[in-house]
Undergrad: 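Dropping a structure here in structure tokens format, bear with me for questions.
Note that the structure is predicted; figures quoted are calculated from it, not measured. Position 1 is the first residue of the sequence; numbering continues from there.
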Amino acid sequence: MTTDTDSGSTPQSPTEPLYIDGKDHLDDVVTEHDVVLVDFFADWCGPCKMLEPVLDDLASATDATIAKVDVDQHQQLAGAYGVRGVPTLVLFADGEQVEQHTGALPADRLQTLVENYSE
């Protein structure tokens with residue numbers, strides 16, 4: 001039996017991307033963390049592979065939580081967010097969607113985007 005202990009504070013952001021296993025998991029991550037950058041990706045997508053090390057670095061260098069959603073495994077979830085191309089990046093701040101970008105963004109632009117909502 002597992003029990004959740006809630007100290008009442010926001011959990012610290014993971015230093016590695018979290019792989020999302022469904023809508024409920026994504027909702028929980030967005031609710032639990034102040035700033036969440038969701039990467040809707042596909043294994044066969046070249047730009048997604050180029051973005052992966054950038055997101056890994058962002059996860060360890062910022063207070064944002066990086067979440068990854070495989071669009072082939074979670075087509076309904078991708079559809080719910082209007083994902084029409086990969087990679088699509090969706091940024092949440094305080095539980096609300098605040099930005100959405102299709103295509104790979106440069107590392108400095110992603111860092112600035114996250115920091116705008118982290119401070």
Undergrad: Between L55 and V114, is there a shared hydrophobic cluster once you connect ILVMFWY residues whose side-chain heavy atoms come closer than 4.5 Å?
TA: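 Looking at the clustering, V114 is in the same group as L55.
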Undergrad: Are the side chain of T62 and the backbone of A59 linked by a donor-acceptor contact shorter than 3.5 Å?
TA: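 Not at all, since once roles are kept as given, no pair shorter than 3.5 Å links the two residues.
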Undergrad: Between F40 and Y81, what is the ring plane arrangement, given parallel below 30°, perpendicular above 60°, and tilted in between?
TA: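 Tilted.
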Undergrad: Report the distance from atom CG of L37 to atom CG of L91, rounding to the nearest 0.5 Å.
TA: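 Here the interatomic distance stands at 5.5 Å.
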Undergrad: What's the separation between atom CD in E52 and atom CG in D39, rounded to the nearest 0.5 Å?
TA: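 Output value for this atom pair is 8.0 Å.
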Undergrad: Below 4.5 Å, heavy atoms only, C-beta onward: do L89 and L110 meet side chain to side chain?
TA: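 The answer is yes; the side chains approach within 4.5 Å.
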Undergrad: Regarding H74 and Q76, do their side chains bring together a donor and an acceptor under 3.5 Å, going by distance alone?
TA: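 Not at all, the side chains of H74 and Q76 share no donor-acceptor pair under 3.5 Å.
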Undergrad: Once rounded to the nearest 0.5 Å, what's the spacing between atom CG of D63 and atom CD of E115?
TA: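 These two atoms lie 9.0 Å from each other.
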Undergrad: So how far is it from Y117 OH to D94 CG, rounded to the nearest 0.5 Å?
TA: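 If I round to the nearest 0.5 Å, the distance is 11.0 Å.
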Undergrad: For the side chain of K49 and the backbone of D43, is there at least one donor-acceptor N/O pair under 3.5 Å apart?
TA: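 Checked: pair present.
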Undergrad: Any chance you could measure L51, atom CG, to D56, atom CG, to the nearest 0.5 Å?
TA: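 CG of D56 is found 9.5 Å from CG of L51.
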Undergrad: Does the side chain of I66 reach to within under 4.5 Å of the side chain of L18, using non-hydrogen atoms?
TA: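 Result no, sub-4.5 Å side-chain heavy-atom pair not found.
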Undergrad: So H101 and V90, side chain to side chain contact (heavy atoms under 4.5 Å, CB included) or not? Walk me through it.
TA: CA-CA 7 Å; H101 300 274; V90 179; over 6 Å; no
Undergrad: Can you tell if the side chain of R84 reaches within under 4.5 Å of the side chain of T102, non-hydrogen atoms only?
TA: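 They are not in contact (no side-chain heavy atoms under 4.5 Å apart), so the answer is no.
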Undergrad: With a 4.5 Å heavy-atom cut-off, do V35 and F92 have their side chains touching?
TA: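 They are not in side-chain contact.
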Undergrad: Are any non-hydrogen side-chain atoms of P14 and T65 less than 4.5 angstrom apart?
TA: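 They are in contact (side-chain heavy atoms under 4.5 Å apart), so the answer is yes.
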Undergrad: Can you find a heavy atom in the side chain of V86 that is under 4.5 Å from one in the side chain of W44?
TA: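 Result yes, sub-4.5 Å side-chain heavy-atom pair found.
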Undergrad: Under a single-linkage definition using a 4.5 Å side-chain heavy-atom cutoff for Ile, Leu, Val, Met, Phe, Trp and Tyr, are L113 and V83 assigned to the same hydrophobic cluster?
TA: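 No, L113 does not connect to V83 through the hydrophobic network.
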Undergrad: Could you state the interatomic distance from CG (N116) to CD (E99), rounded to the nearest 0.5 Å?
TA: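 One finds 8.0 Å between CG of N116 and CD of E99.
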